[in-house]
Each structure stands twice: as structure tokens, then as C-alpha cells.
Amino acid sequence: MKKGRLFVVSGPSGTGKGTIISRVMERLENVSLSISATTRAPRAGDVDGVDYYFLTEEEFIKRADEGRFLEHACVHGYYYGTPLDPVTETVESGRDMILEIDVQGAMKVKEKYNEGVYIFILPPSMKVLRERLTGRGTDAPDVIERRMNNALGEIAYIDRYDYGVVNDDLDSAAEQVLDIIKAEHCRVLDGEADKIISEYGEEN
Ligand code: 5GP
């Protein structure tokens, strides 16, 4: 059976990557979204086990030491990690898996998982990013400053990604991510060419 593909989506907070991913999930059947673990406190509307697994720092470190994360990183002062087993099980079962993780995490996954597809969501401009972060009304001004600085630090990694999608308009950004996923399913992966050639050869 053909394995599923791993899609890693990163981008600064406020670029709308979460909303883009929700749109993409609505349109595709054979894909799961990884649920990360975090030590940050739940925000209003966050549901444990749906948005994140909310863990104490002690529990997070224990799981990290036990090797239960595919990657983990410290983002904005809190730990975030991708539980390993669901990723392996999903991909092995032939379903695609989407990870929405920061650049540090994405780079760690890239070291381990060569066949992942790395998509970076960009804001139309820094000015628009600032307006979006301010408009959310959830973060204090110093937090917004920190997120703006972090954003530039993350954008500096764009060359390590396979695709850059500018989220100017939500519909077209979601459409572009869907197109990337469709195109990636036609990619001839390492080692696949020989299999294709021999299958066609046998049939002839
Ligand atoms: P938030 O707290 O706003 O939901 O997420 C903050 C940042 O953490 C985002 O950039 C998000 O992509 C990143 N993040 C969420 N889950 C993970 C994860 O499992 N691993 C890593 N490395 N980053 C994550």
C-alpha cells in the first residue's frame, strides 16, 4: 500500500495558517491533522485533545525524555511537541498528515523525514502582519513586538521550505495549498521510478 505524505506547514503567528489548514482539511478526505502537545495555557475556546494536548512542564519533559515526540521546541517561552505515534501510524496507513509547527520544529522533522513537504505561509507584508496581530486583541503590546521579531526570524528560513504561499486572500491561499498537495501526490519519489518501470515492464 502507498504510504501517506507528510505536509509540514509553518509561518509566523498571525499569518492565518490555522485558518488555511482548516479550509484544506474541509476539502480533503484522506488527511489527518496532528494534535500537538504544549505547556502553554489554553486560550478561550481551546479544547484539550482537540486543539492541543495541554500538559504540565513536568509531563512534557517526561514524554520528551521517553522519545514520544517526533520533534519538540520552545516557542514564545512554552514547549510544543508533535506526538510521534500518530504521525507514524497515519502515514503508514496511507493517510496524509499535516503538521502545523514552528520553523525550529520543521527543521528537526526535515532532518529525520526527507520525504516531507515543507510549506511556509507568508503574510502579505510586515505592516499587514502587525495589523492582524493587533486586531486579534488577544495579545499585549510587548507580546505583539515579540511576535513581530519572531516573524522576521522565521521568514529567514524560507529557503529551507519547498513552497511559499502568501496569505493575501484566504480563499486563494487555501486553494494554493490544496494545489500543492495534489501536485505532490504526482511526484515521483526516490525509489519509486524503478517500481513503476518494472510494473509496466511486467505487464507488457
Ligand atoms: P499557538 O500557541 O499560537 O497556538 O502556537 C504558537 C506557535 O507554536 C505556532 O508557530 C505554531 O505553529 C507552533 N507550534 C504548534 N504546535 C507545535 C509543535 O508541535 N511543535 C512545534 N515545534 N511548534 C508548534
Side-chain angles (χ1 to χ4, degrees), residues 6-25 32-57 59-88 90-91 97-113 116-123 126 129-130 132-140 142-158 160-161 163-165 167 173 177:
L6 184 67
F7 294 92
V8 178
V9 181
S10 307
S13 330
T15 43
K17 55 188 188 298
T19 320
I20 293 173
I21 290 171
S22 307
R23 293 272 177 110
V24 168
M25 297 294 296
S32 299
L33 182 62
S34 160
I35 303 170
S36 299
T38 183
T39 59
R40 83 148 161 79
R43 295 199 189 108
D46 275 344
V47 178
D48 189 28
V50 176
D51 298 287
Y52 282 104
Y53 297 107
F54 293 99
L55 304 181
T56 60
E57 205 167 300
E59 178 62 23
F60 191 100
I61 292 168
K62 182 172 165 272
R63 291 190 194 186
D65 288 345
E66 288 168 356
R68 291 169 63 186
F69 294 123
L70 170 62
E71 60 73 38
H72 60 94
C74 192
V75 186
H76 308 138
Y78 298 101
Y79 289 120
Y80 292 83
T82 306
L84 176 61
D85 287 351
V87 175
T88 318
T90 302
V91 170
M97 187 80 164
I98 299 183
L99 311 185
E100 186 207 319
I101 61 177
D102 89 309
V103 289
Q104 307 168 66
M107 293 307 104
K108 288 181 199 161
V109 177
K110 208 172 178 191
E111 278 167 23
K112 294 186 193 165
Y113 206 92
V117 180
Y118 297 82
I119 305 172
F120 196 96
I121 310 292
L122 288 152
M126 290 305 278
L129 181 64
R130 183 181 291 278
R132 285 184 188 165
L133 288 174
T134 313
R136 287 210 294 211
T138 50
D139 296 316
D142 62 319
V143 175
I144 291 175
E145 277 323 305
R146 203 164 70 213
R147 286 181 188 261
M148 289 296 292
N149 286 330
N150 284 348
L152 275 185
E154 295 198 44
I155 292 169
Y157 281 84
I158 187 79
R160 311 288 306 277
Y161 283 75
Y163 298 96
V165 172
N167 184 16
V177 174

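Counting convention: from 1, in listed order, for ligands and their atoms alike.
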Subset of ligand 1 atoms that lie under 4.0 Å from at least one heavy atom of [X]:
{"X": "Arg40", "result": "1 (P), 2 (O), 4 (O)"}
{"X": "Ala73", "result": "22 (N)"}
{"X": "Gly105", "result": "22 (N)"}
{"X": "Glu100", "result": "12 (O), 14 (N), 15 (C), 16 (N), 17 (C)"}
{"X": "Lys17", "result": "9 (C), 10 (O), 12 (O)"}

Within the structure, does [X] bring an N/O atom to less than 3.5 angstrom of an N/O atom in ligand 1?
{"X": "Glu154", "answer": "no"}
{"X": "His76", "answer": "no"}
{"X": "His72", "answer": "no"}
{"X": "Ser13", "answer": "no"}
{"X": "Ala37", "answer": "no"}

Return the residue, atom name and 0.1 Å-rounded distance of the protein heavy atom closest to [atom].
{"atom": "atom 16 (N) of ligand 1", "result": "Ser36 OG, 3.0 Å"}
{"atom": "atom 6 (C) of ligand 1", "result": "Tyr80 OH, 3.5 Å"}
{"atom": "atom 22 (N) of ligand 1", "result": "Asp102 OD1, 2.7 Å"}
{"atom": "atom 7 (C) of ligand 1", "result": "Val75 CG1, 3.7 Å"}

Kindly say whether [Y] contributes a backbone atom to a donor-acceptor pair with the side chain of [X] at under 3.5 angstrom?
{"X": "Glu71", "Y": "Ala106", "answer": "no"}
{"X": "Lys17", "Y": "Glu100", "answer": "no"}
{"X": "Lys110", "Y": "Gly116", "answer": "no"}
{"X": "Asn167", "Y": "Ala173", "answer": "no"}

Checking side-chain hydrogen bond (donor to acceptor under 3.5 Å, both in side chains) between Ser10 and each of Tyr118, Tyr157, Tyr161, which is the one that passes?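 The residue from Tyr118, Tyr157, Tyr161 that satisfies side-chain hydrogen bond (donor to acceptor under 3.5 Å, both in side chains) with Ser10 turns out to be Tyr161.
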
Non-hydrogen atom of Arg43 closer than 4.0 Å to ligand 1: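 For ligand 1, residue contact (heavy atoms, under 4.0 Å) with Arg43 is present.
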
So, does Glu71 sit close enough to ligand 1 that a heavy atom of it is under 4.0 Å from the ligand?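 Glu71 counts as a contact of ligand 1 under the 4.0 Å cut-off.
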
Taking all non-hydrogen atoms of both residues into account, name the closest pair between [X] and [Y] and its distance.
{"X": "Ile98", "Y": "Leu33", "result": "O-CD1, 3.4 Å"}
{"X": "Thr134", "Y": "Arg130", "result": "OG1-O, 2.6 Å"}
{"X": "Pro12", "Y": "Ala151", "result": "CB-CB, 3.5 Å"}
{"X": "Met148", "Y": "Leu133", "result": "SD-CD1, 3.9 Å"}

Side chain to side chain contact (heavy atoms under 4.5 Å, CB included) partner of Asp139, chosen from Arg147, Glu145, His76: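 Answer to the side chain to side chain contact (heavy atoms under 4.5 Å, CB included) test with Asp139 among Arg147, Glu145, His76: Arg147.
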
Measure from atom 5 (O) of ligand 1 to every heavy atom in Tyr52, Tyr78, Tyr53, Tyr79 and give the option owning the shortest one.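 Checking each option, the heavy atom nearest atom 5 (O) of ligand 1 is found in Tyr52.
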
Between Gln104 and ligand 1, which residue portion shows a heavy-atom distance shorter than 4.0 Å: side chain, backbone, both, or neither?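 Answer for Gln104: neither.
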
If the plane angle is over 60° it's perpendicular, under 30° parallel, otherwise tilted; pick one for Phe60 and Tyr79.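 Rings of Phe60 and Tyr79: parallel, under 30°.
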
